[in-house]
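What follows is one structure encoded as structure tokens, with my remarks underneath.
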Amino acid sequence: MKRNTQLTLKVLNATLLAVVMCACAPVTVTRTASGQACRPEAAKAMAVKDHCMRCHGLTKQKEGPSFSVVAKRYRGSPTAEVDLYAHLTSHDVSMMSDENTGVHKCIAGENPEKIRNMVRWILDQ
Ligand code: HEC
């Protein structure tokens, strides 16, 4: 019984510590050039997690265009956010660098709000 109580206390302590650490972690919300709220750190983390950065750099051309080139391409387009959201959630056919067409990575299974956040971040590069 005593051991159980100690274990419970340890678990409780660890949980409390985790909660405090999460509450203190800074969540930066910025505004994109077009005035949209954006959490750049979360967007970047998602791009890394989903292996986007394997084919895209922020400014470096890789297999895919850099995000700054994409942002420039869509600047001033009122449908930019909707267009890129569709691109990332629809198995769009892409022209890959070896001139074969391939299917672009689809992240339709991700949380829509998180996808929108990443799209805003891309459009703000
Ligand atoms: C296997 C390589 C590869 C991966 C992985 C990849 N992309 Fe791409 N992406 C490309 C290529 C090549 C293009 C250019 C052809 C095109 O526009 O479809 C492209 C185009 C784009 C565009 C521009 C679309 C447009 O309409 O101009 C965006 C935005 C983009 N990718 C975002 C992403 C994101 C976000 C991820 C991660 C979820 C990702 N890509 C993963 C290769 C990749």
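First listed ligand is number 1; within each ligand, the first listed atom is number 1. Residues: numbered from 1 along the sequence shown.
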As an exercise, identify every atom of ligand 1 less than 4.0 angstrom from a heavy atom of R73.
25 (C), 27 (O)
Classify the contact between I122 and ligand 1 as side chain, backbone, both or neither, using a heavy-atom distance cut-off of under 4.0 Å.
side chain
Which atom names give the shortest non-hydrogen contact between L123 and Y74, and what distance separates them?
CD2-CB, 3.7 Å
Measuring from M53:CE to K62:NZ, what's the distance to the nearest 0.5 Å?
6.0 Å
Just jot down the salt bridge (charged side-chain N to carboxylate O under 4.0 Å, His left out) partners of K72, sequence neighbours excluded, or say none.
none
Run the side chain to side chain donor-acceptor pair (under 3.5 Å) test on D92 and H104 for me, step by step, so that the C-alpha distance in whole Å, both residues' side-chain angles and the decisive distance to 0.1 Å come before the verdict.
CA-CA 5 Å; D92 253 5; H104 192 270; over 6 Å; no
To the nearest 0.5 angstrom, please state how far the CZ atom of R31 sits from the CG atom of D124.
11.5 Å
Taking side chain as C-beta onward, heavy atoms only, is E81 less than 4.5 Å from S34?
no
What orientation do F67 and H56 show, parallel under 30°, tilted 30 to 60°, or perpendicular over 60°?
parallel
A student checking ligand 1 against I107 at a 4.0 Å heavy-atom cut-off should list atoms 38 (C)
Nearest-option assignment for atom 40 (N) of ligand 1, heavy atoms, candidates M118, R54, E63, H56:
H56
Proximity of A47 to ligand 1 by residue part, where a heavy atom lies under 4.0 Å
neither
Looking at P65, which atoms of ligand 1 are within less than 4.0 Å of one of its heavy atoms?
13 (C), 14 (C), 19 (C), 20 (C)
Look at atom 11 (C) of ligand 1 and find which of G64, A43, A80 reaches it with the closest heavy atom.
G64
Which ligand 1 atoms does Y74 reach within 4.0 Å, using its non-hydrogen atoms?
25 (C), 26 (O), 27 (O)
Does any non-hydrogen side-chain atom of I122 lie less than 4.5 Å from one of L84?
yes
Option nearest atom 1 (C) of ligand 1 (shortest heavy-atom distance, choices S66, C52, C55, A71)
C55
Heavy-atom proximity to atom 24 (C) of ligand 1, best of H51, M53, K62, H87:
H87
Using a 4.0 Å cut-off to any heavy atom of F67, which atoms of ligand 1 qualify?
32 (C)
Test item: M118 and E110 side chains (from C-beta on) under 4.5 Å apart, heavy atoms:
no
Near L88 (heavy-atom distance under 4.0 Å), the atoms of ligand 1 are 32 (C), 33 (C), 34 (C), 35 (C)
So, 2.8 Å as the limit: is an N/O/S atom of H104 located closer than that to atom 8 (Fe) of ligand 1?
yes
